[in-house]
Amino acid sequence: MQYWLMKSEPDVYSIDKFKKDGKTLWTSVRNYQARNYMMEPKEPGQITMKKGDLFLFYHSNAEPSACVGIGRIENVSVPDPEQFIKKSEYYEPRATKEKPVWFCAECRYVKHFTKPLALQELKADSKLKNMLLLKPGSRLSVQPVEENDFKHILKISGTSI
DNA sequence: GCCAACGTTGGC
DNA sequence: GCCAACGTTGGC
């Protein structure tokens with residue numbers, strides 16, 4: 001089992017919307033590294049998402065930016081439908097149905113945190129200092145999380161699965 | 001709204 | 001394949 005963190009701006013797609021939808025396609029990611037995490041591995045040993053993996057839902061560009069809940073990966077390597085929509089901001093002229101360029105994961109809502117865990121609180125916790133999220137200049141919107149970090153975050157947020 | 005840190009693009 | 005210019009992310 002692998003753990004992840006996925007960022008979304010609450011103005012664009014919030015955890016409340018996620019709960020209402022129950023299930024969503026994590027569309028509009030336009031970064032190759034983040035995309036590759038949401039696909040079947042291209043080479044053996046590559047760390048990618050698998051059905052059943054859990055992730056932290058993170059609100060970025062928020063007041064305050066915070067981890068707000070948990071989701072579960074339902075499916076990977078799903079072609080991002082946005083790339084085929086000419087009018088979409090995320091239209092991809094290079095993509096064809098046979099050879100899509102962008103892929104996404106299908107995600108299932110699991111639960112809200114008992115209380116949101118603000119970025120400041122994460123930074124203040126020395127146990128989490130190696131988290132990718134807390135590294136300066138780390139902007140990946142989909143990133144792996146160490147199991148012990150994931151479990152520690154659940155613990156200090158008072159959340160159990 | 002600013003800007004640092006990245007990622008991407010495209011000329012050469 | 002280098003790298004300058006440009007675009008984007010996201011905390012502050």
Side-chain angles (χ1 to χ4, degrees), chain A residues 2-19 21 24-43 45-49 53-71 73 76-107 109 112-146 149-150 152-154 156-157 159:
Chain A
Q2 184 70 45
Y3 299 91
W4 305 92
L5 180 143
M6 301 183 74
K7 297 180 187 174
S8 182
E9 301 189 29
D11 293 346
V12 178
Y13 193 83
S14 69
I15 181 119
D16 291 343
K17 181 71 166 46
F18 188 30
K19 180 176 186 181
D21 292 346
T24 194
L25 276 182
W26 206 270
T27 64
S28 313
V29 171
R30 291 297 178 266
N31 172 284
Y32 290 103
Q33 215 179 333
R35 178 202 69 176
N36 292 344
Y37 283 137
M38 296 194 287
M39 295 178 71
E40 301 280 348
K42 289 184 175 153
E43 29 194 279
Q46 190 184 345
I47 303 233
T48 65
M49 287 179 176
D53 283 356
L54 295 173
F55 66 90
L56 300 167
F57 193 110
Y58 179 82
H59 277 165
S60 61
N61 267 320
E63 278 305 324
S65 293
C67 282
V68 291
I70 302 168
I73 305 303
V76 297
S77 289
V78 182
D80 182 343
E82 291 287 326
Q83 71 193 311
F84 303 121
I85 302 171
K86 276 225 163 76
K87 278 193 252 171
S88 169
E89 188 184 344
Y90 297 98
Y91 176 65
E92 173 56 73
R94 296 173 294 167
T96 62
K97 295 276 183 182
E98 293 72 31
K99 264 193 153 297
V101 176
W102 301 108
F103 293 84
C104 47
E106 191 179 31
C107 305
Y109 171 83
H112 278 62
F113 275 3
T114 308
K115 79 177 180 64
L117 249 193
L119 179 62
Q120 272 202 344
E121 301 173 72
L122 298 174
K123 279 183 173 172
D125 192 318
S126 61
K127 278 195 176 165
L128 298 173
K129 62 170 179 282
N130 288 324
M131 272 190 88
L132 210 53
L133 179 75
L134 306 181
K135 305 256 165 157
S138 161
R139 299 177 309 169
L140 262 185
S141 62
V142 176
Q143 53 179 265
V145 174
E146 301 276 341
D149 290 341
F150 186 91
H152 185 64
I153 286 172
L154 288 201
I156 58 182
S157 71
T159 309

Distance test, side-chain N/O of K7(A) to OP1/OP2 of dT9(C), below 4.0 Å: no
Validation row, ring centre F55(A) to ring centre Y3(A) under 6.0 Å: no
Polar pair under 3.5 Å, donor/acceptor by atom type, side chain R139(A), base dT8(C): yes
For atom CG of D11(A) and atom C1' of dG11(C), their distance in whole Å: 15 Å
Y90(A) OH to dG7(C) C1', straight-line distance once rounded to whole Å: 13 Å
d(CD, Q143(A); P, dT9(C)) in whole Å: 15 Å
Salt-bridge present (E121(A), K115(A); N to O < 4.0 Å): yes
Between dG11(C) (P) and M131(A) (CE): distance, integer Å: 12 Å
Residue mapping more 5' on DNA chain B - nearest nucleotide basis, P136(A) or N61(A): N61(A)
Rounded distance in Å - CZ (R94(A)) to P (dT8(B)): 10 Å
Sugar-phosphate, base or nothing in reach of K123(A), heavy atoms under 4.0 Å: sugar-phosphate
Nucleotide nearest Y32(A) when distance is taken to its side chain, options dG11(C), dT8(B), dC6(B): dT8(B)
Donor-acceptor contact below 3.5 Å, side chain K7(A) vs main chain H59(A): no
Rounded interatomic separation in angstrom, taking CD from Q33(A) and C1' from dT9(C): 14 Å
salt_bridge(R30(A), D80(A)) N-O dist < 4.0 Å: yes
N31(A) CG - dG10(C) C1' separation (whole Å): 14 Å
Distance, rounded to the nearest Å, where R35(A) contributes CZ and dG7(B) contributes C1': 14 Å
